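So the structure is just underneath, and the comments pick up after that.
Here is the naming used below: chain letters follow the sequence lines, and residue numbers restart at 1 for every chain. What you are looking at is a predicted structure, and each value in this text was computed from that prediction instead of being measured.
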Amino acid sequence: MHDIKAIRDDAAAFVRGLQRRGMGDAQQLADNLLKKDKALRDLLVRLQCEQARRNDASKLIGQAKAKKDEAGAAALMAEVAGLKESIQQGEAEQRELEKTLRDALAVIPNIPAADVPDGADESANAPVVSRAFGKPPGINAPKQHFEIGEALGQMDFERAAKVSGARFVYLKNDLAKLERALGAFMLDTHTGTFDYTEMSPPVLVRDKAMFGTGQLPKFEEDLFQTVRAATLGDIADRYAEAYRSRKWGLQPNEIDDLIAQGVASDEINRRSKDLYLQQTTVDLPELISGDPERFWLIPTAEVSLTNYVADEILGEAELPLRFTAFTPCFRAEAGAAGRDTRGMIRMHQFSKVELVSITTPDQSNAEHERMTDAAQEILKKLDLTHRVVTLCTGDMGFGAQKTYDIEVWLPGQNAYREISSCSNCGGFQARRMNTRYRNAEGKVKGPVHTLNGSGLAVGRTLVAILENYQQPDGSVAIPDVLQSYMGGKTKIGL
RNA sequence: GGACAGGUGGCCGAGUGGUUGAAGGCGCACGCCUGGAAAGUGUGUAACGGUGAAAGCCGUUCGAGGGUUCGAAUCCCUCUCUGUCCGCCA
């Protein structure tokens, strides 16, 4: 979320930043925002004058009544009555303008940092040569991870499809254990040598949290949503009530008949919805969205860890805060139809160790490098070949001002694939979450800076181990640093 | 899920319609006292927004949103979160 005051102060910088992101209509957008901002401030000047007069007059009424000056009090009351209507109308206008402005700001992405390379897509990403590690190993006729895993009998996509559909997997035996070992190894490294605090956070969150880190309102299609089953029945009841009161759709006796027939509430809901949608613009998602029982499944623990400090004013002395967590993540992958359909690269559910840092603005760049070091340290200890790129302006995520992607070498794919993404979001998320900090003198200084990174994507790390540590006989060697987490085993084999 | 009780400043806590943005305490900051410190003592100590060169002035905010009223922390409605007990349960 951008600060409208910053846009007011330097609209040119705002426009330039968005244009670097490829937004051709940035100037028009800025003009529109500033027009609304001006309208709001003009309104406030008028409204506040009237409010001040009302407050004064009300005090005078109290004094007049105390002095038994009924005539004076009556005159003042008449004046305030006139103001009242104008004030109420002004307040409604204010709410409307503020909402419009906020809605418009909520869907604008962050401005890229100055040292981010310009470009439209990943072809313009810039290698960070100094961070590259290792060389692709020479493996004769390398297999892909799913070939290895299925041959071991420890990776089962077919049964997962039976239970959950596409983009799910069962891991068994040593591969299941390997996932747990990786999570533990990563957490131990981050807490032990990088001073991160281990967390076990919620994986179901409210709208507000998803707004805070920027997944909502713009990227709803990437997410899974849950509603308590009983709530669906309540929603059906609400539909039914709507028909009763508006006399269209199912009639009360029809609904009662359906209930008497034992028709499930969601069936009533479905039938009602069809009728309902023919007659009104209100939609089912809209009804659900108004329901307090709705949750979202986190697409990354960034959401739970970053929003931990939402609506707080932190002391500068307690910063930086560093959190890490090993959680499942859930992504709809709606825009990825046909991509990475085989194997574990792109799943609806995967596990990941996440890193989140909360810092002051002057520390965030250094923290970004440090976080990337922490993520890379895992790959180095696993002796996995990888490289680092700075994402170009066109490839960065919505909330980021600068992002490093870490790409691990996958022999089976003969390619580098993303295994971590470390972003500095500056104050962008902090403004959405309303998280600020206070300096040593106790003065509130403004939004904190937030950073997040994968340290690492555990599923993809498991893939990388299978492909890089595969042996000619079909077994997989276990990296040295993981052996103690695997009961001393040195390989996974038949 | 049921029944109660609550949500007030960095923290605790008073406050049931009128000069209360909010008593009192703790904490914190500065001063006095002291050889130095503790204790004691005095003063100060919210956020956001508008306006202004600034000092300042004004507005909003007592969980959130509506409402009643000339005037709401205080009354009404809806929602939300927390606590306690009961029920259920990993």
Side-chain angles (χ1 to χ4, degrees), chain A residues 1-9 34 36-99 101-102 105 200 202-209 211-212 228-231 233-235 237-238 241 287-295 307-319 427 430-448:
Chain A
M1 180 94 92
H2 291 282
D3 181 1
I4 187 67
K5 277 191 289 189
I7 299 173
R8 206 188 292 154
D9 290 344
L34 289 174
K36 286 184 177 125
D37 175 52
K38 184 74 173 76
L40 176 61
R41 283 183 298 137
D42 287 348
L43 172 67
L44 284 175
V45 170
R46 191 203 92 201
L47 182 60
Q48 290 181 0
C49 267
E50 294 175 351
Q51 287 170 327
R53 176 58 195 156
R54 178 201 59 194
N55 292 347
D56 287 345
S58 290
K59 280 179 189 172
L60 291 173
I61 290 169
Q63 290 170 0
K65 289 206 166 189
K67 283 188 245 162
K68 304 282 187 214
D69 175 11
E70 294 300 336
L76 285 162
M77 282 164 73
E79 182 191 349
V80 175
L83 281 172
K84 189 181 173 180
E85 196 180 329
S86 169
I87 288 173
Q88 279 185 333
Q89 191 194 325
E91 283 174 343
E93 237 175 286
Q94 179 192 353
R95 277 194 294 273
E96 184 61 34
L97 266 173
E98 281 174 345
K99 186 181 185 311
L101 193 56
R102 184 177 169 78
L105 286 169
S200 179
V203 301
L204 296 182
V205 302
R206 297 282 206 220
D207 291 37
K208 191 166 185 279
F211 180 88
R228 293 174 59 197
T231 303
D234 292 344
I235 289 168
D237 291 346
R238 264 180 265 160
E241 190 51 44
L287 266 188
I288 294 175
S289 74
D291 199 298
E293 303 284 5
R294 171 171 77 161
F295 293 106
N307 280 284
Y308 182 80
V309 296
D311 290 316
E312 293 193 29
I313 303 177
L314 306 166
E316 186 169 358
E318 62 187 302
L319 300 177
R431 277 187 294 272
R432 297 173 82 95
M433 294 191 301
N434 190 28
T435 303
R436 292 161 292 167
Y437 73 103
R438 203 185 283 280
N439 68 8
E441 288 80 55
K443 193 153 175 57
V444 173
K445 294 295 285 184
V448 296

Please determine if a side-chain N or O atom of [X] lies less than 4.0 Å away from the OP1 or OP2 oxygen of [N].
X	N	answer
A:Arg41	B:U51	yes
A:Arg54	B:U60	yes
A:Arg53	B:C58	no
A:Arg8	B:G50	yes

Note, RNA chain B 5' to 3' with Watson-Crick or G-U pairs under 3.5 Å encoded as ( ), [ ], | and . gives ((((((((.[[[..)..(.....]]]((((((.......))))))((((((....)))))).[[[[[..)....]]]]])))))))....
Between [atom2] of [N] and [atom1] of [X], the distance in whole Å:
X	N	atom1	atom2	value
A:Gln88	B:G71	CD	C1'	13 Å
A:Lys208	B:C79	NZ	C1'	15 Å
A:Lys36	B:G50	NZ	C1'	21 Å
A:Ile87	B:U60	CD1	P	8 Å
A:Glu312	B:C81	CD	C1'	15 Å
A:Asp311	B:G7	CG	C1'	15 Å
A:Glu91	B:U68	CD	C1'	15 Å
A:Leu101	B:G49	CG	P	13 Å

Nearest-angstrom distance, [atom1] atom, [N] to [M]:
N	M	atom1	value
B:U19	B:A5	C1'	34 Å
B:G6	B:U45	C1'	28 Å
B:C28	B:A39	P	10 Å
B:G87	B:A73	P	42 Å
B:U16	B:G7	P	12 Å
B:G40	B:G50	P	44 Å
B:G15	B:C75	C1'	15 Å
B:G31	B:G9	C1'	25 Å

A:Val45 vs A:Arg41 side-chain heavy atoms within contact, under 4.5 Å: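 Not touching, per the 4.5 Å side-chain cut-off.
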Using a 6.0 Å cut-off, check whether atom CD of A:Glu85 has over 12 heavy atoms from anything other than its own residue.
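Open: at most 12 neighbouring heavy atoms sit under 6.0 Å from CD of A:Glu85.
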ring-ring contact (aromatic ring centres under 6.0 Å, His included) against A:Phe211, all qualifying residues, sequence neighbours excluded =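 For A:Phe211, no residue satisfies ring-ring contact (aromatic ring centres under 6.0 Å, His included) once neighbours in sequence are set aside.
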Worksheet item: Looking at RNA chain B, which of residues 76-84 of chain A put a heavy atom within less than 4.0 Å of it?
Response: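 Going residue by residue through residues 76-84 of chain A, the ones with a heavy atom under 4.0 Å of RNA chain B turn out to be A:Met77, A:Val80, A:Lys84.
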Exercise. Give, ordered by number, those residues of residues 44-51 of chain A having at least one heavy-atom distance below 4.0 Å to an atom of RNA chain B; if nothing qualifies, reply none.
Key: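 Of all residues in residues 44-51 of chain A, the ones placing a heavy atom under 4.0 Å from RNA chain B are A:Leu44, A:Val45, A:Gln48, A:Gln51.
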List in chain and number order the residues that pass side chain to side chain donor-acceptor pair (under 3.5 Å) with [X], two or more places apart in sequence or in another chain; answer none if no residue qualifies.
X	answer
A:Gln51	A:Glu91
A:Gln89	none
A:Arg102	none

Between protein and nucleic acid, restricted to nucleotides 46-48 of chain B and to nitrogen or oxygen atoms under 3.5 Å apart, what atom pairs and distances do you find?
| unit_1 | atom_1 | unit_2 | atom_2 | d |
| --- | --- | --- | --- | --- |
| B:A47 | O3' | A:Arg436 | NH1 | 2.9 |
| B:A47 | O2' | A:Arg436 | NH1 | 3.3 |
| B:C48 | OP1 | A:Arg436 | NH1 | 3.2 |

Would you please name every residue forming a salt bridge (Lys or Arg N to Asp or Glu O under 4.0 Å) with [X], sequence neighbours left out?
X	value
A:Asp56	none
A:Glu50	A:Arg46
A:Lys38	A:Asp42
A:Lys5	none

Which value, rounded to the nearest 0.5 Å, describes the distance between [X] atom [atom1] and [Y] atom [atom2]?
X	Y	atom1	atom2	value
A:Ile87	A:Glu93	CD1	CD	13.0 Å
A:Asn434	A:Lys208	CG	NZ	7.5 Å
A:Leu105	A:Ile7	CG	CD1	5.5 Å
A:Leu101	A:Leu34	CG	CG	9.0 Å

Considering only [options], which nucleotide approaches the side chain of [X] most closely?
X	options	result
A:Arg206	B:U51, B:G71, B:C81	B:C81
A:Asn55	B:G59, B:U51, B:C81	B:G59
A:Ile61	B:G66, B:C58, B:G18	B:G18

Under 3.5 Å, side chain of A:Glu312 to main-chain N/O of A:Val309, donor-acceptor pair present?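 No, because the side chain of A:Glu312 does not come within donor-acceptor range (under 3.5 Å) of the backbone of A:Val309.
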**Asked** Closer to the 5' end of RNA chain B via nearest nucleotide, is it A:Asp3 or A:Ala57?
**Response**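 Between the two, 5'-proximity favours A:Asp3.
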Checklist entry - Can you name the closest pair of heavy atoms from A:Asn307 and A:Ala209 and give their distance? => result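 Shortest heavy-atom separation between A:Asn307 and A:Ala209 comes out as ND2-O, 2.9 Å.
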